[in-house]
Amino acid sequence: MITDLPVKVLPNTAGCYSVKEAVTTAQLAREVFATRWIKLEVIGNSDTLQPDVLGLIEAARILCNEGFEVFPYTTEDLVIADKLLQVGCEVLMPWGAPIGTGRGLNNPYGLKSLRAHFKGVPIVVDAGIGLPSQAAQAMEMGCDAVLLNTAVAKAGDPVAMAKAFADAVAAGQAAFHADPIEMSDMAAPSTPEIGKAFLT
């Protein structure tokens with residue numbers, strides 16, 4: 001049924017806690033869905049669902065060598081991101097917050113640093129986004145996309161929420177390309193002094 005849909009499928013190794021589990025799941029998904037795409041998850045903590053980044057790098061290396069296009073679910077750590085790219089990943093998918101929490105972007109500084117260091121690499125914020133405003137924030141930072149599920153699937157009106165997210169992503173991307181002003185701690189008048197009327 002899924003393979004009959006006119007869309008590209010991105011299988012997922014969600015729930016895998018070891019390199020072997022993740023690699024085997026990816027190989028099975030390739031056979032079932034006839035795709036080289038795989039969203040790679042190697043979970044390291046059952047409470048936070050934080051990635052096991054060492055296992056992630058190893059699994060990514062194996063799968064990239066087998067010809068997969070790997071979409072790695074990772075943290076915003078710059079060193080880990082660089083190692084993932086070195087083993088063959090061409091996309092980075094840092095979490096915003098733990099999966100399903102709806103907390104948004106726990107570490108905006110880390111995500112901005114990731115964007116600044118890897119300018120030509122697609123960055124998709126994956127996990128933890130709960131509101132359209134949080135998706136817009138990610139796009140305003142220059143991220144290329146957001147991946148979400150819980151925020152739409154568990155909303156009271158999933159269709160309306162999906163539309164709200166689509167609008168927010170478009171607005172955030174447009175804002176990024178419009179070159180927003182730099183944040184400042186001091187007030188700065190937007191009205192020029194020249195031509196201003198003075199009372200004497």
**OP:** Flag yes if V121 and L78 sit in one hydrophobic cluster, no otherwise; membership is Ile, Leu, Val, Met, Phe, Trp, Tyr, and two members link when side-chain heavy atoms are under 4.5 Å apart.
**Re:** yes
Original post:
Heavy atoms, side chains only, cut-off 4.5 Å: are V42 and C16 in contact?
Top reply: no
Original post:
Do any N or O atoms from the side chain of K83 and from the backbone of I80 form a donor-acceptor pair under 3.5 angstrom?
Top reply: no
Original post:
Taking all atoms of both residues into account, what is the closest heavy-atom pair of T150 and G100, and its distance?
Top reply: OG1-CA, 3.8 Å
Original post:
Hey, what do you get for SG (C143) to CZ (R115), rounding to the nearest 0.5 Å?
Top reply: 6.5 Å
Subject >> Minimum-distance pair of heavy atoms, taken over all atoms of C89 and P72 >> reply: SG-CG, 3.9 Å
**OP:** Following the transitive rule for hydrophobic clusters with a side-chain heavy-atom cut-off under 4.5 Å over Ile, Leu, Val, Met, Phe, Trp and Tyr, establish whether L40 and V146 coincide in one cluster.
**Re:** no
**OP:** Check whether any side-chain heavy atom of M141 sits under 4.5 Å from a side-chain heavy atom of L105, and report yes or no.
**Re:** yes
Original post:
Under the 3.5 angstrom rule, does the side chain of Q134 hit a backbone N or O of L131 as a donor-acceptor pair?
Top reply: yes
Original post:
For the hydrophobic clusters of this structure (ILVMFWY residues joined by side-chain heavy atoms under 4.5 Å, transitively), does one cluster hold both V53 and Y73?
Top reply: no
Considering only distance and modelled atom types, tabulate donor-acceptor pairs under 3.5 Å from the side chains of residues 158-174, sequence neighbours left out.
unit_1	atom_1	unit_2	atom_2	d
K163	NZ	D167	OD1	3.3
K163	NZ	D167	OD2	2.8

**OP:** Measure from the side-chain N and O atoms of S113 to the backbone N and O of Y109, and report whether any donor-acceptor pair falls under 3.5 Å.
**Re:** yes
Original post:
Would you say Q86 has more than 12 foreign heavy atoms packed within less than 6.0 Å of its CD?
Top reply: yes
Original post:
How far apart are the closest heavy atoms of G120 and P122, and which atoms are they?
Top reply: O-CD, 3.7 Å
**OP:** May I ask you to test the L49-P98 pair for a side-chain heavy-atom distance under 4.5 Å?
**Re:** no
Original post:
Does one side chain, of Q50 or W95, offer a donor that lies under 3.5 Å from an acceptor on the other?
Top reply: no
**OP:** For the residue pair P94 and L111, establish whether any side-chain heavy-atom pair is separated by less than 4.5 Å.
**Re:** yes
Subject >> Common cluster, V91/I129, ILVMFWY with side-chain heavy-atom separation under 4.5 Å >> reply: no
Subject >> Pairwise ring pair (Phe, Tyr, Trp, His ring centres under 6.0 Å) hits with a residue in residues 36-55, at least two apart >> reply: W37-F71
**OP:** For residues E41 and K39, determine if any side-chain heavy atom of one lies less than 4.5 Å from a side-chain heavy atom of the other.
**Re:** yes
Original post:
Tell me, do L63 and I38 make a side-chain contact under 4.5 Å, heavy atoms counted?
Top reply: yes
**OP:** For residues L147 and V125, determine if any side-chain heavy atom of one lies less than 4.5 Å from a side-chain heavy atom of the other.
**Re:** no
Original post:
In terms of hydrophobic clustering (I, L, V, M, F, W, Y; side-chain heavy atoms under 4.5 Å; direct or indirect links), are L56 and L85 co-clustered?
Top reply: yes
Original post:
Rounded to the nearest 0.5 Å, what separation is found between the OH atom of Y17 and the CG atom of D52?
Top reply: 11.0 Å
Original post:
Quick one: are R30 and E66 in side-chain contact, heavy atoms under 4.5 Å?
Top reply: yes
